[in-house]
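A short write-up of the structure that comes next.
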Amino acid sequence: ILGFVRAKSMASLFAGGVSGVLLVVCGMMALKREKMDGLNYGYVVGLVVCVLLLRRFLPGFIKSKKFYPAGIMALLSLGGIAAGILGLRQ
């Protein structure tokens with residue numbers, strides 16, 4: 001929402017909404033603890049989304065050195081990656 005408000009970017013609004021909905025669905029899937037083929041796909045898809053978000057925001061943070069918003073998103077993405085890896089190890 002902030003990307004849309006600041007830059008009037010519909011792409012930012014759409015991408016943020018899609019990634020947010022995907023992560024909420026992944027969280028619900030991970031909490032159900034249902035496994036298919038030995039994997040909890042909530043963790044797998046959540047891990048992929050977090051890697052993609054990190055790929056998007058880390059270069060921006062490195063380039064601008066501004067913690068908001070790119071640094072916060074990169075940090076949260078790293079936390080999501082750590083949670084996904086820990087969840088898959090169970």
Side-chain angles (χ1 to χ4, degrees):
I1 293 174
L2 288 175
F4 177 72
V5 170
R6 285 180 154 188
K8 304 291 184 211
S9 170
M10 287 298 287
S12 202
L13 183 63
F14 180 75
V18 169
S19 61
V21 168
L22 269 173
L23 288 172
V24 167
V25 170
C26 291
M28 290 189 297
M29 287 172 62
L31 287 175
K32 284 187 176 184
R33 297 183 185 200
E34 293 178 13
K35 293 184 178 183
M36 295 185 306
D37 301 326
L39 281 177
N40 185 323
Y41 284 102
Y43 287 116
V44 173
V45 176
L47 189 58
V48 169
V49 171
C50 286
V51 167
L52 292 173
L53 287 171
L54 183 66
R55 185 173 172 223
R56 161 62 181 91
F57 286 104
L58 187 61
F61 173 65
I62 291 171
K63 183 179 176 182
S64 71
K65 303 285 192 248
K66 292 182 181 177
F67 191 66
Y68 182 81
I72 292 174
M73 287 301 297
L75 191 62
L76 290 172
S77 297
L78 284 172
I81 290 168
I85 291 170
L86 290 174
L88 285 174
R89 290 184 59 173
Q90 292 182 5

From [X] [atom1] over to [Y] [atom2], what is the distance, rounded to the nearest 0.5 angstrom?
| X | Y | atom1 | atom2 | result |
| --- | --- | --- | --- | --- |
| Phe14 | Ser19 | CZ | OG | 10.0 Å |
| Ser77 | Leu53 | OG | CG | 4.5 Å |
| Met36 | Met29 | CE | CE | 6.0 Å |
| Leu76 | Ile81 | CG | CD1 | 11.0 Å |
| Tyr43 | Arg89 | OH | CZ | 13.0 Å |

_Atom OH of residue position Tyr41 - does it have more than 12 heavy atoms of other residues, nucleotides or ligands inside 6.0 Å?_
yes
Does [X] share a hydrophobic cluster with [Y], counting links as ILVMFWY side-chain heavy atoms below 4.5 Å and allowing steps through other members?
| X | Y | result |
| --- | --- | --- |
| Val48 | Leu22 | no |
| Leu52 | Ile72 | no |
| Leu31 | Met28 | no |

Would you name the heavy atoms of [X] and [Y] that are closest together and state the gap between them?
| X | Y | value |
| --- | --- | --- |
| Leu88 | Asn40 | CD2-O, 4.1 Å |
| Gly42 | Cys26 | O-CB, 3.3 Å |
| Gly84 | Leu47 | CA-CD1, 4.2 Å |

*Any side-chain heavy atom of Cys50 sitting closer than 4.5 Å to one from Leu78?*
no
*Go through Lys66 and Phe61 one step at a time and tell me if the side chain to side chain contact (heavy atoms under 4.5 Å, CB included) criterion holds.*
CA-CA 6 Å; Lys66 292 182 181 177; Phe61 173 65; 5.8 Å; no
*Take Leu75 and Phe67, measure what side chain to side chain contact (heavy atoms under 4.5 Å, CB included) needs, and give me the verdict at the end.*
CA-CA 9 Å; Leu75 191 62; Phe67 191 66; 4.1 Å; yes
_Donor-acceptor contact below 3.5 Å, side chain Ser12 vs main chain Ser9_ = no
*Per the side chain to side chain contact (heavy atoms under 4.5 Å, CB included) rule, which among Leu54, Val25, Val18, Leu23 passes with Val49?*
Leu23
